[in-house]
Amino acid sequence: MVSNFDESDSQAWEQEARRQLFRRKLLSLGQGCQDILKLSLRGVSVRDIVQQLGLSSEGYARKKKFKCKAQLIRAIQEDSGYEALRHQY
């Protein structure tokens, strides 16, 4: 039996499309940005990020994270599918 495609299915599809866009753009960044953003997303403290990645200081790590996040946002917003996903909610 085939179920109808309802609103909850549509929302699940949209959510998955957003996740895929985010993941694709994250993986398009340099390895350093990927590492710092992935650790940050996992809730790792800046202090621990500095230690794990061998960065020079917490200030540098915060600045690097800020720049990487801005780069990720820009890459997502420049994607051809972004506008369609943005207006679906």
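Remember, predicted model here, so these are calculated numbers, not experimental data.
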Return all side-chain donor-acceptor pairs below 3.5 angstrom for residues 69-77, not counting sequence neighbours, or 'none' if the list is empty.
none

Would you list the atom pairs, donor with acceptor, under 3.5 Å between side chains in residues 33-55 and any protein atom, with sequence neighbours excluded?
{"unit_1": "Q34", "atom_1": "NE2", "unit_2": "L27", "atom_2": "O", "d": "3.2"}
{"unit_1": "Q34", "atom_1": "NE2", "unit_2": "L29", "atom_2": "O", "d": "2.8"}
{"unit_1": "D35", "atom_1": "OD1", "unit_2": "Q31", "atom_2": "NE2", "d": "2.8"}
{"unit_1": "S40", "atom_1": "OG", "unit_2": "K65", "atom_2": "NZ", "d": "3.0"}
{"unit_1": "S45", "atom_1": "OG", "unit_2": "D48", "atom_2": "N", "d": "3.1"}
{"unit_1": "S45", "atom_1": "OG", "unit_2": "D48", "atom_2": "OD2", "d": "3.3"}
{"unit_1": "R47", "atom_1": "NE", "unit_2": "E58", "atom_2": "OE2", "d": "3.3"}

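Y60 pairs with exactly one of R62, K64, K63 by the side-chain contact (heavy atoms from CB on, under 4.5 Å) rule, that one being K64.
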Q | Worked verdict on Q11 versus Q15 for side chain to side chain donor-acceptor pair (under 3.5 Å) | A | CA-CA 6 Å; Q11 289 176 350; Q15 194 70 8; over 6 Å; no
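With values rounded to the nearest 0.5 angstrom, L21 atom CG is found 4.5 Å from D79 atom CG.
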